[in-house]
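Report on one structure; see the data block that follows.
Proteins get letters first, then strands, A, B, ... in listed order; numbering begins at 1 in each. This structure is a prediction, so every number in the text was calculated from the model and none was measured. Excluded from the calculations below are hydrogen atoms, water molecules and symmetry mates; all remaining heavy atoms, backbone and side chain alike, are included.
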2 protein chains.
Amino acid sequence: MTTSKKADRQPNSREQQRLETRRSLAEHAIRLFSERGYDETTVEEIAAAAGVSARTFFLHFSTKAAAAFPDHDARVHDFVTRLNAGAPHVNPLSQLRSTLDARLDGESPSRLVRYRLLAEVPELRNEDARTDRDYEKAIAAYLILHWGDTIEAEVRANAIANALIGVARATLSAGGIYGIDARAATAEILWRMFGSPFDDPLHSV
Amino acid sequence: MTTSKKADRQPNSREQQRLETRRSLAEHAIRLFSERGYDETTVEEIAAAAGVSARTFFLHFSTKAAAAFPDHDARVHDFVTRLNAGAPHVNPLSQLRSTLDARLDGESPSRLVRYRLLAEVPELRNEDARTDRDYEKAIAAYLILHWGDTIEAEVRANAIANALIGVARATLSAGGIYGIDARAATAEILWRMFGSPFDDPLHSV
DNA sequence: CATGTAGGTACAGTGGGTGAAGTTAATACC
DNA sequence: GGTATTAACTTCACCCACTGTACCTACATG
C-alpha cells in the first residue's frame, strides 16, 4: 500500500503528485459521503481509499468537512479578485451584483450535486458554515473599502453581506434539491431586496 | 466531590436539582470560555467547576458549544409561539416583523455580553450556526404555512428566512461589540430590505 | 554526486462525544 | 411505612477527529 500509487512513475513534478493526492482525497471523500453518509465515513477510510495515511489527509485538509469543498479557497480568492476588478467609479452594490450574478451563472451541474449533498447532510451544512463566512467577510470588506471604515458602515456592510450570502445559500441549496435555476431564483429574490433603496445606503438614512 | 453539592439537602424536587446542575454547568461554561477562551477550556474542566462528572455534562448539553446558549431551545419555542399568535388575517411578513422587533427589543444587556462572546470567539460562531438555523427553519415554516407548500414558496421562504437571520446576526453581533442599539440598526436595515416589494411576494412576480 | 527539502509515514497523545452498566436517593404506590 | 421504580449521576471503555514530533525517502538542484 505504501508505494502502490507511486508505482506509476512519471516525469511528474512533486507538486503534481501533491495535487493528485489532494484531488484523489477530495474525490473519494465526496463519493463516500454520498454513498454512506458523512458520519458513517471516517477520515481513515477516505485516506485508505486514496492510498495514503490518515495523517496525510490532514496535511491537505484542515477538517474532515473541508474535503467536500476542495476548491473553496480558490473560489473565494477568485470571487474577491473579480469583485475588485470593476471600473473605479462603479457603484459598489452594482459591482457586487454583477459579480454574484456571474458566479451563479457559472455554476456547473456537477457543482449542483455538491449543493445537493450539502442540503441533505446537515452535518456538512453545519460544520462548513465557515465556507459562507469567508464570502461574508469578503463582501463586507469590499463594501467597507468603498464606504469608509466607520462603525455605521461596518454594521451595514456586515448585515448586507450576511443577507446576500443567506439568500444565495438558500437558493443554491434549492437548486441542488429541485434542480431549479439557482441563478434566476437568486437574482429575482436578491435584487428585489437590494434594489433602489440601497443604491446610496449611507446618505439616505 | 461526589456528594459535595448534594449536601445542601433541601426539599428540592429532583427536577429542581437537575435544573440547578444545568444552570451551574452553563454558568461555568460561559465564565470559562470568557476567561480563558473556548479552545482552552475542556468539558472536563467545566464539569469539575460545576461539581459533576464530564459524562453528566453531555446529559445536559449535546455539544460543548451548546452550553454557551443554555436557553436556546426555549427561546426558539417562544419565538415560534409568538409568531403564530398573531391575528388570523394579518400579513405574514408584518407578523414576522413585529415578532422580530419584539424579540430584539427584549434583548437585555446581559445577553449582549453573550453576543460579544459570540462575535469574538470564531469557534463559537462557527460551531453554533445550528442556533441560527433553528430560527431560519422556524421562519421558513411559518411563511410556507401561509403561502402554501409549493416549490416556489419554499425557495422564497428559505431565502427570506436566511436573509433575515443573517441581518439579525450581524447587527446583534455589532451590538455586542460596539454596544450600539441592535434593535434600531436591525430594524432600519432589515425593513428597508423587506419593505413594500415583499408585501405580496407571491403575486407580484 | 551531495545535499536540502517536500511529501509522506508511524506513533503517541488530547479532547469531544457515546454506549452500557451500576449506584444512590427521591418518588410513587400500596 | 415499606417496597418498587426511576431520574440523575458516575465510572469505564470506547470511537474518532485532529495535532505534535520524529523519521524516512525520493525528487530537485547546484
Side-chain angles (χ1 to χ4, degrees), chain A residues 1-26 29 32-33 36-68 121-124 126-128 130, chain B residues 1-26 28-29 32-33 36-68 121 123-124 126-128 130:
Chain A
M1 181 192 295
T2 53
T3 56
S4 63
K5 71 180 295 294
K6 291 175 185 172
D8 52 339
R9 189 150 319 285
Q10 299 287 85
N12 277 335
S13 77
R14 273 203 280 224
E15 191 177 358
Q16 278 171 327
Q17 268 295 356
R18 174 167 224 274
L19 287 178
E20 169 56 20
T21 299
R22 179 188 169 87
R23 198 202 51 73
S24 178
L25 280 169
L32 289 169
F33 290 166
R36 21 175 133 163
Y38 182 79
D39 278 346
E40 287 69 36
T41 304
T42 68
V43 170
E44 194 108 28
E45 289 166 341
I46 299 168
V52 297
S53 75
R55 189 68 183 83
T56 294
F57 177 94
F58 291 106
L59 296 178
H60 287 273
F61 301 104
S62 60
T63 67
K64 173 182 170 184
V121 182
E123 295 91 343
L124 269 186
N126 287 331
E127 289 190 37
D128 222 300
R130 204 174 324 195
Chain B
M1 182 194 294
T2 52
T3 55
S4 62
K5 72 181 291 296
K6 291 174 184 170
D8 51 339
R9 190 151 317 285
Q10 298 286 85
N12 276 336
S13 76
R14 273 202 280 220
E15 191 175 358
Q16 278 171 328
Q17 267 295 353
R18 176 166 221 274
L19 288 178
E20 169 57 20
T21 299
R22 180 187 170 87
R23 199 202 51 72
S24 178
L25 280 169
H28 285 105
L32 289 169
F33 291 166
R36 22 174 132 164
Y38 182 78
D39 278 346
E40 288 68 36
T41 304
T42 68
V43 169
E44 195 107 28
E45 290 167 342
I46 299 168
V52 297
S53 75
R55 190 69 183 81
T56 294
F57 177 95
F58 291 107
L59 296 178
H60 287 273
F61 301 104
S62 60
T63 66
K64 174 182 170 184
V121 182
E123 296 91 343
L124 268 187
N126 287 331
E127 288 189 39
D128 222 299
R130 204 175 324 197

Taking only N and O in the side chain of [X], is any of them less than 4.0 Å away from OP1 or OP2 of [N]?
X: H60(A); N: dG8(C); result: yes
X: T42(B); N: dG15(C); result: no
X: R55(A); N: dT9(C); result: no
X: S53(B); N: dT10(D); result: yes
X: T21(B); N: dC9(D); result: yes

Starting from the 5' end of DNA chain C, give me the residue, E15(B) or F61(B), whose nearest nucleotide shows up first.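 Result of the comparison: F61(B).
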
With sequence neighbours left out, what residues match R23(A) under salt bridge (Lys or Arg N to Asp or Glu O under 4.0 Å)?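 With sequence neighbours excluded, R23(A) shows a salt bridge (Lys or Arg N to Asp or Glu O under 4.0 Å) to E20(A), E27(A), given in chain and number order.
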
Please check: side-chain N/O of Y38(B) versus main-chain N/O of A65(B), any donor-acceptor pairing under 3.5 Å?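 Looks like yes, one N/O pair under 3.5 Å.
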
Closest-nucleotide ordering on DNA chain D, the 5'-leading residue of L59(B) and F57(A):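 First, find each residue's nearest nucleotide; the 5'-ward one identifies L59(B).
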
All ring-ring contact (aromatic ring centres under 6.0 Å, His included) counterparts of F61(B), not counting sequence neighbours: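 F61(B) satisfies ring-ring contact (aromatic ring centres under 6.0 Å, His included) with F57(B) only.
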
Roughly, in whole Å, what's the span from [atom1] in [X] to [atom2] in [N]?
X: D39(A); N: dG19(C); atom1: CG; atom2: C1'; result: 16 Å
X: E44(B); N: dC9(D); atom1: CD; atom2: C1'; result: 15 Å
X: F58(A); N: dG8(C); atom1: CZ; atom2: P; result: 15 Å
X: L25(B); N: dG16(C); atom1: CG; atom2: P; result: 14 Å
X: E20(A); N: dG8(C); atom1: CD; atom2: C1'; result: 15 Å
X: I46(A); N: dA17(D); atom1: CD1; atom2: P; result: 8 Å
X: F33(B); N: dG16(C); atom1: CZ; atom2: C1'; result: 12 Å
X: Q16(A); N: dG7(C); atom1: CD; atom2: C1'; result: 15 Å

State, with a plain yes or no, whether a side-chain heavy atom of H60(A) is found less than 4.5 Å away from one of R18(A).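 A side-chain contact exists here, since the closest heavy-atom pair is under 4.5 Å.
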
Any idea which of dT27(C), dA17(D), dG17(C) is nearest the K64(B) side chain?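 Closest of the options to the side chain of K64(B): dG17(C).
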
Given dC27(D), dC18(D), dG17(C), the nucleotide with the shortest approach to the side chain of R14(A):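 Closest nucleotide among those given: dC27(D).
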
Categorize R18(B) for me: base, sugar-phosphate, or nothing, with a 4.0 angstrom heavy-atom threshold over every strand shown.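 Answer is sugar-phosphate: R18(B) comes under 4.0 Å of backbone atoms only.
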
Quick check on E15(B): does its CD atom have over 12 non-hydrogen neighbours (other residues, nucleotides or ligands) under 6.0 Å away?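 No, not enclosed.
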
